[in-house]
Structure formats: C-alpha cells, structure tokens
Amino acid sequence: MIRFLWAKKCSGTEIYRQLCDVYGTNKISRQAIGKWCILFENGRANIEGDYREGRPSTVTTNVNVERVKQLIETNRRVIVCEIADELGISYRGVHHIITDYLILKRRRPTYDSRMAVASWTEFFK
C-alpha cells in the first residue's frame, strides 16, 4: 500500500493519513512510512525483508540431530555433557535438539543399591 501511494506521488504525510483512515492510528508510525518512502526513492523495488547478517544456526542441522539421536539410541543413559563433548557442540545446543527436535524427556532415576540411573524416553504429546 505504501509503495502504491508513493508511486502515485503522495507525500509521506498523505500516505500516513490514508493508512490511518483505513487501518487506524496505531498500526504504523510516520517515521516508518518516511523510512519506506526514502528506500523507494533510493531505488528499492521489492518490499520483502533483506538478508540479515548474524550468526547462523549451525547446531540444529539435520546431521547434528541425527548424530544426537544415534548417541541416545546407542546408550540411553548418556548425559547431555557427554553428547556435547563427543559432538563438539554446546550443552545448550544439545539440550535444544533433545527437547525440541527429538522431543525426549528425562525419566525419573531408578535407584539400585549402587547409584541413581536415569535414561532418555520418548515423550508423546
């Protein structure tokens, strides 16, 4: 809508007024409309978001999810620290994979005479 009105040579203030009439006053600010108008004047043609730089998510790849799954299937009593050390990824990353991707929960420990042992079990919603 902003691009359309800008192409019709409307000013930023006029675009703001028209958008407020249609959508209400709290939907977009004058500063945001001004920013878009400047971007269009400088040659921006698309309204999609730009690529943003930043740290890419390298932990939750399909390869790492599979590797974590294989380690847990091999030894259900493995702990998160051991998985993180073996795969070379962070504790938080391993925990994220286990809880959000594999949807596993820690079972209550079963006690025997020597020590408490816990294992990973599937959690079905």
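None of these values were measured; they are calculated from a predicted model. The chain is numbered in sequence order, starting from 1.
The side chain to side chain donor-acceptor pair (under 3.5 Å) test applied to D85 returns no partner, not counting sequence neighbours. Considering only residues two or more places apart in sequence or on other chains, L39 meets the side-chain contact (heavy atoms from CB on, under 4.5 Å) condition with K35, W36, R44.
The CD atom of Q70 lies 7.5 Å from the CD atom of E73; values are rounded to the nearest 0.5 Å. Expressed to the nearest 0.5 Å, how far CG of L19 lies from CD1 of I28 amounts to 6.5 Å.
Between H95 and V80, the shortest heavy-atom contact is N-CG1, 4.2 Å. Of all the heavy atoms in N64 and V59, the pair that sits closest is ND2-O, 2.9 Å. Closest of all the heavy-atom pairs between C37 and G12 is SG-CA, 4.3 Å.
Heavy atoms of other residues, nucleotides or ligands lying less than 6.0 angstrom from CG of D21 number more than 12.
Just one residue in the list N75, I97, V78, I89 forms a side-chain contact (heavy atoms from CB on, under 4.5 Å) with I83, and that residue is V78.
I33 and F4 fall within a single hydrophobic cluster, where Ile, Leu, Val, Met, Phe, Trp and Tyr side chains are chained together by heavy-atom contacts under 4.5 Å. Note on I38: it does not cluster hydrophobically with I15, by side-chain heavy-atom contacts below 4.5 Å among ILVMFWY residues.
Within the structure, every pair that satisfies the side-chain hydrogen bond (donor to acceptor under 3.5 Å, both in side chains) test and touches residues 10-20, not counting sequence neighbours, is listed here: E14-Q18.
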